[in-house]
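Below, each value reflects all heavy atoms present in this structure, side chains not excepted, and no hydrogens, waters or symmetry copies. Just so it is clear, the structure is predicted and the values come from calculations on it, not from any experiment.
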Amino acid sequence: MSVIDNERIKQVSFLLIILLLAYVLFKELYTFFPGFLGAVTMYILSRKFMFRLVEKRNWKKSLAAALLMFLSFIIVLLPFGMLINMLTDKIGYAVSHSQEMVAGIEKLNLRIKDSTNFDVLSQVKLERLQGYLTSVLPTLLGATFNTLTAIAILYFILYFMLVNAREMEAWLYEYIPLKDENVLRLGTEFHKLVIANAVGIPAIALIQGVVSIIGYFIFQVPQPVFWFAVTCFTAMLPVVGAAAVYVPMGLYLIGTGMTWQGIGILVYGFAVVGTSDNIFRFVLAKRIGDVHPLITVFGVLIGVNLFGFIGLIFGPLLISMFILLLEIYSNEFFTKKREVRIKQ
């Protein structure tokens, strides 16, 4: 009968206490988790500039951190905030005029049916659509408010991360319970994941938005700037992407009598916007890395459910981090004892 090692019992007991406390803290601080993820992302993107200002140009840490936070706000978050504000105004209008919207959609459906003999929406579907709008639109407004709260928390955490950057990284390097080679790999791979998710996904969406707005101006789409903002958001969605905007838009234009504009938008969307997505995704994949489509699909589904709008980025990032941690865990604690032989 083997004797249980007292040291192992102490280790397991202490680990259980740590996990229990971690669960309690995470449960209570879950509201701040999107802001924390955003702070980590912004830190990864700005750390080398922070070190350059402080260590090479001898800037004060607080001044360098304030400058980088200000620049990140102007370059990244201000345009993002303006897009959200634009969408919020439209969503607010839609909430107060949902019945009028459904009536307009019903009239459009009749015009399309008369023109093409195709019934897009039945009466049952219209009733479901009205119920969907009534329930979902207020939720979108709440998600917008949560996003603004997350941004405020993001900057609060980011300031202390930048000011204490070297100390924080030294502490992590010392106390992460992994081999040195795996700690270094974790830092390198995590940096690549953040760039691929936090830069690659929005960059491709913005490119599709720019390509789309050119078509909106060419084919005289009403309120092209607003639809540019909507396209940028939908372009981050997997599978459907920007088609979620230009397909209904083309059908709407055809149904309202703007036949050549509607056909033009549909052709332009599939031929130009869709092609630009594939081209620029291939180019960016070579430069900053690419995210597997399955990770994007499930990441967006999980992220939007957890975090709202910003889950479009943080969802795929979380799944990528999870896969990376599994790989490092396997490398740290397991040794393969077999080789897989592929039959010729």
Would you say [X] and [Y] are hydrophobically clustered, going by side-chain heavy atoms of ILVMFWY under 4.5 Å?
X      : Y      : result
Ile17  : Ile9   : no
Phe217 : Phe219 : yes
Leu325 : Leu19  : no
Val40  : Leu25  : no
Val194 : Ile75  : yes

Next item on the list: Check Met50, Glu169, Met168 against Met161 for a side-chain contact (heavy atoms from CB on, under 4.5 Å) and give me the one that passes.
Entry: Met168
[atom1]-[atom2] distance between [X] and [Y], expressed to the nearest 0.5 angstrom:
X      : Y      : atom1 : atom2 : result
Ile265 : Trp227 : CD1   : CH2   : 11.0 Å
Ile328 : Leu186 : CD1   : CG    : 4.0 Å
Met69  : Leu162 : CE    : CG    : 7.5 Å
Phe73  : Leu154 : CZ    : CG    : 11.5 Å
Ile18  : Ser13  : CD1   : OG    : 11.0 Å
Met321 : Leu37  : CE    : CG    : 7.0 Å

Provide the closest heavy-atom pair for [X] versus [Y] in the form atom of the first, atom of the second, distance.
X      : Y      : result
Phe36  : Ile157 : CA-CD1, 3.9 Å
Phe228 : Gly209 : CD1-O, 3.1 Å
Val225 : Ile213 : CA-CD1, 4.2 Å
Ser212 : Thr231 : OG-CG2, 3.4 Å
Val273 : Ala242 : CG1-CB, 4.0 Å
Phe51  : Ala165 : CE2-CB, 3.5 Å

Do [X] and [Y] have side chains that get closer than 4.5 Å, going by heavy atoms?
X      : Y      : value
Asn182 : Lys179 : yes
Ile319 : Ile302 : yes
Tyr268 : Val211 : yes
Ser62  : Tyr159 : yes

Check: Is it the case that more than 12 heavy atoms not belonging to Trp260 sit under 6.0 Å from its CH2 atom?
Finding: yes
Item checked: Under-4.0 Å salt bridge between Glu55 and Lys48 -> no
Notebook entry, point to check: Checking side-chain contact (heavy atoms from CB on, under 4.5 Å) for the pair Phe270/Thr275: CA distance, chi angles, key distance, verdict?
Noted result: CA-CA 7 Å; Phe270 286 110; Thr275 304; over 6 Å; no
Margin query: The criterion is side chain to side chain contact (heavy atoms under 4.5 Å, CB included); which residues satisfy it with Leu29, sequence neighbours excluded?
Written below: Phe32
Check: Do Ser72 and Tyr155 get their side chains close enough for a donor-acceptor pair, meaning under 3.5 Å?
Finding: yes
Margin query: Between Glu28 and Tyr23, do the side chains contain a donor N or O and an acceptor N or O under 3.5 Å apart?
Written below: no
Validation: residues 199-208 side-chain donor-acceptor distances under 3.5 Å, sequence neighbours left out:
none

Check: Ignoring hydrogens and geometry, is there a side-chain-to-backbone donor-acceptor pair from Ser330 to Leu326 under 3.5 Å?
Finding: no
Margin query: Can you tell me how the ring of Phe160 sits relative to the ring of Phe156, calling it parallel under 30°, perpendicular over 60° and tilted otherwise?
Written below: perpendicular
Next item on the list: List the steps and the verdict of ring-ring contact (aromatic ring centres under 6.0 Å, His included) for Tyr246 and Tyr216.
Entry: CA-CA 9 Å; Tyr246 60 74; Tyr216 300 156; 8.5 Å; no
